[in-house]
Structure formats: C-alpha cells, structure tokens
**Student:** 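One structure, as structure tokens, below. Some questions next.
Computed from a predicted structure; not experimentally measured.
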Amino acid sequence: LNPNRNPHLSRSEVEQYLADYCGARKVLWLGRGIEGDDTDGHIDELARFTAPRTVVCAIEENTRDPNHEPLNDNLTRLRQMTDAAGHKLNVIPLPMPEPLYHQDQRLPASYLNFYIANGVAIVPIFDQPTDRIVLGKLEELFPGREIVGIYAVDLFWGLGAFHCITQQQPAGPGG
C-alpha cells in the first residue's frame, strides 16, 4: 500500500483503504525510513503509539549518521500532527542504538521494533548504554506492563525484530 512503491495508489486511496479495512479515522504520514531498512520505511522502526495520543519516535543525535536527517524530519512532522480528534500528540524521542552491521550491510536496528502483548512489552536491546535509557522510558510509558529487554542483534540480521515476526490484527469497524 505504499504510494511511493506503487505510483498507482495515491495517498487518499491508501487512506480510504485503511479506513475501509482497518477502521482508521486518520492517517499520519512520516518521511523516509532508516538505513538498512528493506521495507522503505515500515513504522515499526520509526515511531509507535504507546497511548492514544502518545508516540515514541526514533531519533539519531549523531549529525554525521545518515539516519539523523530523516529521523529529525519525522520528529518535526509528529510534533506538528494531531490525532483524529484534533488533539496535539505527545511525542517522546527515543535514541537509536549505535549502528550495527552484518557482512558490511547496515542493519535496521531500532528500539521501536518492540512487541506489545498481554501485560508485557518485548523490547529489542543491543548491549549498549542506550538500552537502559529506552527500557526506563518505556516502563514510564507502559504502566502495568512488564518491559522485557531481549538481546536482538541476531534477529536484525534478518532485517527486523519482535514486531516484525508477529502477526498482529487490528480491530475492524465496530470491533
């Protein structure tokens, strides 16, 4: 459904599809994805809702890293967006891990590829100092859920992590 990959789909057609089949009342559009991402910017590497109006957003503070500019652009966009009811979003920046490579290919490693399940959130970690920062922030944002960090570098060799390997289904209209 990515209009950038399929020039025959307009943004309005994608939005209509999401409204019809997923019950979406508003679609928020971000820009480019991160280095190494073979999906052309799946959201599970960039930004995730943690509550109805709260979004965590990946940021790269190293201005020389190729992810800095697109992630900064996404952060700026999110800070200007509203939810379906017109309320401003509460945008929480989360750092990216240090770049990871496998056989000279940059991996799309991101803390945002977490999986939310009953009473728990499974979060990829990388044995880096930023692991504790991210786990602590997610504990604040998911009260009542256990936040479990699991070393995920090997999963990212396949270009994804916990969110990518799950089969979540959104509720349909009226569901």
**Student:** Does a side-chain heavy-atom distance below 4.5 Å link Tyr115 with Val123?
**Tutor:**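 No, side chains not in contact.
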**Student:** Atom CG of Asn113 and atom CD1 of Ile122: how far apart are they, to the nearest 0.5 Å?
**Tutor:** 12.5 Å
**Student:** Let me see the working for Ile92 and Thr54 under side chain to side chain contact (heavy atoms under 4.5 Å, CB included), right down to the final yes or no.
**Tutor:** CA-CA 7 Å; Ile92 310 292; Thr54 301; 4.0 Å; yes
**Student:** Looking only at atom types and distance, does a side-chain atom of Lys88 sit under 3.5 Å from a main-chain N or O of Arg79, one as donor and one as acceptor?
**Tutor:** yes
**Student:** Report, as yes or no, whether the 6.0 Å neighbourhood of atom CD on Glu13 holds more than 12 heavy atoms from other residues, nucleotides or ligands.
**Tutor:**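 Counting other residues, nucleotides and ligands, CD of Glu13 exceeds 12 neighbours.
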**Student:** Phe114 versus Leu138: any side-chain heavy-atom pair under 4.5 Å?
**Tutor:**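 A side-chain contact exists here, since the closest heavy-atom pair is under 4.5 Å.
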**Student:** So if you build clusters from Ile, Leu, Val, Met, Phe, Trp, Tyr with side-chain heavy-atom gaps below 4.5 Å, do Leu141 and Ile133 land together?
**Tutor:** no
**Student:** Got Pro124 and Ile150 here, is their nearest side-chain heavy-atom distance under 4.5 Å?
**Tutor:** no
**Student:** Specify the closest pair of heavy atoms between Arg106 and Pro66, including all atoms of both residues, with the distance to one decimal.
**Tutor:**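 In terms of heavy atoms, the two residues are closest at NH1-CD, 3.8 Å.
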**Student:** For Glu45 and Ala109, work out which heavy atoms get closest and say how close.
**Tutor:** OE1-C, 4.4 Å
**Student:** First locate atom CG of Asn74, then atom CG of Asn67, and finally report the distance between them rounded to the nearest 0.5 Å.
**Tutor:**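 Going from CG on Asn74 over to CG on Asn67, the span is 10.5 Å.
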**Student:** Check whether any side-chain heavy atom of Asn90 sits under 4.5 Å from a side-chain heavy atom of Arg53, and report yes or no.
**Tutor:** no
**Student:** Grab the two heavy atoms, one from Ala58 and one from Leu112, that are nearest each other, plus how far apart they are.
**Tutor:**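 Between these two residues, the closest heavy atoms are N-CD2, 3.8 Å.
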**Student:** Are the side chain of Gln128 and the backbone N or O of Glu98 linked by a donor-acceptor pair below 3.5 Å?
**Tutor:**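 Indeed, once roles are kept as given, a pair shorter than 3.5 Å links the two residues.
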**Student:** Of all the heavy-atom pairs spanning Ser12 and Ser10, show the shortest one and how long it is.
**Tutor:**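 Scanning both residues completely, I find the closest heavy atoms to be OG-OG, 3.0 Å.
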**Student:** Find out whether Val91 and Met81 are in side-chain contact, i.e. whether some heavy atom of one side chain is under 4.5 Å from a heavy atom of the other.
**Tutor:**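 Of all side-chain heavy-atom pairs linking Met81 with Val91, none is under 4.5 Å.
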**Student:** Could you pull out the closest heavy-atom pair between Arg32 and Glu69, with the gap in Å?
**Tutor:** NH1-OE1, 2.9 Å
**Student:** Could you state the interatomic distance from CD1 (Ile116) to CZ (Phe142), rounded to the nearest 0.5 Å?
**Tutor:**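 It is 4.0 Å, given to the nearest 0.5 Å.
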**Student:** With rounding to the nearest 0.5 angstrom, report the CD to CE distance, Glu61 to Met96.
**Tutor:**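 Answer for the CD-CE pair, Glu61 versus Met96, is 12.0 Å.
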**Student:** Should Phe49 and Leu28 count as side-chain neighbours, where that means a heavy-atom distance under 4.5 Å?
**Tutor:**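 They are in contact (side-chain heavy atoms under 4.5 Å apart), so the answer is yes.
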**Student:** Decide yes or no for Leu71 and Leu46: does some side-chain heavy atom of the first lie under 4.5 Å from some side-chain heavy atom of the second?
**Tutor:**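 Heavy-atom side-chain distance check passes, below 4.5 Å.
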**Student:** Could you go through Arg145 and Glu139, starting from their C-alpha distance and side-chain angles, then the distance that decides it, and tell me whether this counts as salt bridge (Lys or Arg N to Asp or Glu O under 4.0 Å)?
**Tutor:** CA-CA 8 Å; Arg145 287 190 195 276; Glu139 284 177 359; over 6 Å; no
**Student:** Establish whether Trp29 and Leu9 are linked, either directly or via other cluster members, by ILVMFWY side-chain heavy-atom contacts under 4.5 Å.
**Tutor:** yes
**Student:** If only atom types and distance count, is the side chain of Glu60 paired as donor or acceptor with the main-chain N or O of Asn62 below 3.5 Å?
**Tutor:** yes
**Student:** CG of Asp73 to CZ of Arg77: how many Å apart, nearest 0.5 Å?
**Tutor:**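 Asp73 CG to Arg77 CZ: 4.5 Å, rounded to 0.5 Å.
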**Student:** List the atom of Ala47, the atom of Leu78, and the distance in Å for their closest heavy-atom pair.
**Tutor:** CB-CD1, 3.8 Å
**Student:** Would a 4.5 Å heavy-atom cut-off, applied to side chains only, mark Thr50 and Val55 as touching?
**Tutor:**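 They are not in side-chain contact.
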**Student:** Decide yes or no on side chain to side chain contact (heavy atoms under 4.5 Å, CB included) for Glu146 and Val120, but give the supporting numbers first.
**Tutor:** CA-CA 5 Å; Glu146 182 181 5; Val120 67; 4.3 Å; yes
**Student:** Just one of Thr130, Val148, Ile125 clears the side chain to side chain contact (heavy atoms under 4.5 Å, CB included) bar with Leu135, so which one?
**Tutor:** Ile125
**Student:** Nearest 0.5 angstrom please: Leu94 CG to Ser110 OG, how far?
**Tutor:** 8.5 Å
**Student:** State whether the side chain of Tyr111 and the backbone N or O of Asp131 hold a donor-acceptor pair below 3.5 Å, judged by distance alone.
**Tutor:**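 Side chain of Tyr111 to backbone of Asp131: a pair is present.
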